[in-house]
Amino acid sequence: MDHDDPAEALTAVRERRPSLLELLQVATGSGLVAYTVWALLLQPGFRRVPLKLQVPYIGASARQVEHVLSLLRGRPGKMVDLGSGDGRIVLAAHQCGLRPAVGYELNPWLVRLARLHAWRAGCSGSVCYHRKDLWKVSLRDCHNVSVFLAPSVLPLLEGKLQKELPAGARVVSGRFPLPTWQPVAVVGEGVDRVWAYDVHGAGPAVSSCGVPSKAIPESSSTSLPRTSV
């Protein structure tokens, strides 16, 4: 059939069902796009980290960032985000008065994205993002720490935090609680929940069996009083 009329040709295209080969080509193309995104954003960081320590990037939501800040706002000392991703928590911390605010992220693409966000916010010379493995970062001068990591690495992280953090430091963990530490405050519900832990001397108190001796009920939503900055 000769489609001299553009309207008739468009109707014919809309009514034609795609063949199996065409569907496979579309699926293959979509898969290649997804792989390219994964390779650019995640794979560069994963290559240098043992499999058991790999943590996929999932950006924190606005509500999660708000909850982290509610537990750190007004506290003195250096603030660091371990596995800072696109840098949104570090940038928000700096903007609410937590300074210096530093992010550590192994993926170079995410570090560049974080620096771009800081530049667009007019804070490029004030916040710091370092391309560095969080497991090799010294925390001895850090008084405020935020982490949004996978449950599989949190037991190992507890050891690093307890060994390196100074007395009086606070750790805020998002999405998942530290497995054996006792939280001093819990804010939010579901995936937006965050837990705060204070370090006292040799580290937060835990029960003899390795679980919190007096954990805050899971249904609670408690925050510490905010102080002005």
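At a threshold of 4.5 Å between non-hydrogen side-chain atoms, the residues Pro166 and His143 count as touching. Inter-residue side-chain proximity for Trp181 and Val171 is flagged as met; some heavy-atom pair is nearer than 4.5 Å. Considering only heavy atoms from C-beta on, Thr180 comes within 4.5 Å of Glu158 through its side chain. Put simply, the side chain of Val194 does not reach to within 4.5 Å of the side chain of Val186, judged on heavy atoms. The shortest distance between side-chain heavy atoms of Leu165 and Cys142 falls below 4.5 Å. Considering only heavy atoms from C-beta on, Arg170 comes within 4.5 Å of Leu72 through its side chain. With a 4.5 Å cut-off on side-chain heavy atoms, Val145 and Val172 do not count as touching. When side chains are defined from C-beta on, Lys160 counts as touching Trp135, because their heavy atoms get closer than 4.5 Å.
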- Query: Is there a side-chain contact (heavy atoms from CB on, under 4.5 Å) between Ser124 and Arg115 once you walk through the steps?
  - Reply: CA-CA 7 Å; Ser124 59; Arg115 290 171 178 169; over 6 Å; no

- Task: Take Cys123 and Leu91, measure what side-chain contact (heavy atoms from CB on, under 4.5 Å) needs, and give me the verdict at the end.
- Result: CA-CA 8 Å; Cys123 301; Leu91 181 58; 3.9 Å; yes

- Message: Before you tell me yes or no, could you show the steps for Leu161 and Val147 under side-chain contact (heavy atoms from CB on, under 4.5 Å), namely the whole-Å CA-CA distance, both residues' side-chain angles and the distance that decides it to 0.1 Å?
- Response: CA-CA 11 Å; Leu161 295 172; Val147 293; 5.6 Å; no

- Go through Val199 and Tyr197 one step at a time and tell me if the side-chain contact (heavy atoms from CB on, under 4.5 Å) criterion holds. CA-CA 7 Å; Val199 176; Tyr197 306 87; over 6 Å; no

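Of the inter-residue distances, the one linking Glu66 atom CD with Cys96 atom SG reads 11.5 Å to the nearest 0.5 angstrom. For the atom pair CG (Leu116) and CG (Leu110), the distance works out to 12.0 Å, reported to the nearest 0.5 Å. If you take CH2 on Trp195 and CZ on Arg175, they are separated by 10.5 Å, rounding to the nearest 0.5 Å. Put simply, NZ on Lys136 and OH on Tyr104 are 14.5 Å apart, with the number rounded to the nearest 0.5 Å. The CG atom of Leu149 lies 11.0 Å from the CD1 atom of Ile58; values are rounded to the nearest 0.5 Å.
Between Gln64 and Ser61 the shortest heavy-atom distance is OE1-N, 2.8 Å. Nearest heavy atoms, Pro76 versus Asn144: O-ND2, 3.1 Å. In plain terms, the two heavy atoms of Cys128 and Val90 that are nearest each other are O-CG1, 4.4 Å. Contact detail for Pro177 and Leu154: the closest heavy-atom pair is O-CD1, 3.3 Å. Minimum heavy-atom separation, Ala114 to Tyr129: O-CE1, 3.6 Å. The two residues Val68 and Ser146 come nearest to each other via the heavy atoms CG1-CB, 4.1 Å.
Using modelled atom types, one finds a donor on one side chain and an acceptor on the other under 3.5 Å when comparing Tyr57 with Asp86.
Grouping the Ile, Leu, Val, Met, Phe, Trp and Tyr side chains by contacts below 4.5 angstrom, directly or via other members, places Leu69 with Leu71. Under a hydrophobic clustering in which Ile, Leu, Val, Met, Phe, Trp and Tyr are joined whenever their side-chain heavy atoms come within less than 4.5 Å, directly or via other members, Leu98 and Val127 fall into different clusters.
When each of Val111, Asp133, Leu113 is paired with Glu105, the side-chain contact (heavy atoms from CB on, under 4.5 Å) condition holds for Val111 and for no other.
Open room surrounds CZ on Arg63; 12 or fewer heavy atoms of other groups in view lie less than 6.0 Å from it.
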